[in-house]
Amino acid sequence: IFILTLFLNSFLFANLGVIVGMRVRSHEDTSTYSNFLIMPMAFFSGTFFPIDKIPVIFQPVIQILPLTHTNILIRKTTMDTEAWISLGIIVLYAVGFFIYGSRLIRNYSE
């Protein structure tokens, strides 16, 4: 599970990097994505503390984040229902980001 999750997460965030790289107009804009997307996702997705300790009102938003499901899978030892759902969500994000990034590259013109 760990190796598959590591590969999918790397693929997902590499595609997100392509999307950000194609959408920003300057190097300064890149920090906006990092500050408002990547940093909060890393902090609130269960990397440093359990998700169930976060107030209930924020948990639906946190469950949408792909890094949440990566953290769930990395901590799993067996493939139960929660693991299969998390794996499916990560695959959907990875495929979605790949398609969108490919479309941005294909339609790019200076």
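No single ILVMFWY cluster, assembled from side-chain heavy atoms under 4.5 Å apart, contains both I51 and M41. Connection of L65 to F48 is not established within any shared hydrophobic cluster, with ILVMFWY side chains joined at heavy-atom distances below 4.5 Å, either directly or through further cluster members. Under a hydrophobic clustering in which Ile, Leu, Val, Met, Phe, Trp and Tyr are joined whenever their side-chain heavy atoms come within less than 4.5 Å, directly or via other members, I1 and V91 fall into the same cluster. One hydrophobic cluster holds both I19 and I89 under the rule that ILVMFWY side chains link at heavy-atom gaps under 4.5 Å. Note on I38: it does not cluster hydrophobically with I62, by side-chain heavy-atom contacts below 4.5 Å among ILVMFWY residues.
Using modelled atom types, one side-chain atom of T47 and one backbone atom of A42 make a donor-acceptor pair closer than 3.5 Å. No donor-acceptor pair under 3.5 Å is formed between the side chain of T5 and the backbone N or O of L73.
Annotation for F36: atom CZ does not count as buried by contact number, only 12 or fewer foreign heavy atoms lying within 6.0 Å. Other residues, nucleotides and ligands contribute over 12 non-hydrogen atoms within 6.0 Å of the CE atom of M79.
Nearest heavy atoms, L104 versus R23: CD1-CD, 3.8 Å. Closest of all the heavy-atom pairs between S86 and I72 is OG-CG2, 3.6 Å. Contact between L37 and P40 at its shortest, heavy atoms only, is O-CD, 3.6 Å.
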Go through the steps to decide whether L67 and F13 satisfy the test side chain to side chain contact (heavy atoms under 4.5 Å, CB included), and finish with yes or no. CA-CA 10 Å; L67 197 54; F13 280 97; 4.2 Å; yes

Apply the test side chain to side chain contact (heavy atoms under 4.5 Å, CB included) to residues N9 and I90: give CA-CA distance (whole Å), side-chain angles for both, the deciding distance (0.1 Å), then the verdict. CA-CA 7 Å; N9 192 54; I90 291 173; 5.6 Å; no

With side chain to side chain contact (heavy atoms under 4.5 Å, CB included) as the test, would you mind laying out the steps for D29 and V20 before giving the verdict? CA-CA 9 Å; D29 291 343; V20 170; over 6 Å; no

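With values rounded to the nearest 0.5 angstrom, N107 atom CG is found 10.5 Å from S102 atom OG. Remark: I64 CD1 to S45 OG distance equals 13.5 Å, nearest 0.5 Å. Residue Q59 holds its CD atom at 11.0 Å from NZ of K53, rounded to the nearest 0.5 Å. In this structure, CD1 on I85 lies 6.5 Å from OG1 on T81, to the nearest 0.5 angstrom. Of the inter-residue distances, the one linking T70 atom OG1 with L8 atom CG reads 8.0 Å to the nearest 0.5 angstrom.
Every residue two or more places apart in sequence or in another chain was checked for a side chain to side chain contact (heavy atoms under 4.5 Å, CB included) with V61, and none qualifies. With sequence neighbours excluded, no residue satisfies side chain to side chain donor-acceptor pair (under 3.5 Å) with T78.
Counting only residues at least two apart or on different chains, the ring-ring contact (aromatic ring centres under 6.0 Å, His included) pairs with a member in residues 50-93 are Y93-F97.
Taking a 4.5 Å side-chain heavy-atom cut-off between Ile, Leu, Val, Met, Phe, Trp and Tyr, the cluster of F11 extends to F98. Within the hydrophobic cluster formed by Ile, Leu, Val, Met, Phe, Trp and Tyr side chains joined at under 4.5 Å, directly or through other members, L92 stands alone, with no partner residue. Grouping Ile, Leu, Val, Met, Phe, Trp and Tyr residues whose side-chain heavy atoms lie under 4.5 Å apart, directly or via other members, places I74 in a hydrophobic cluster with F2, I3, L6.
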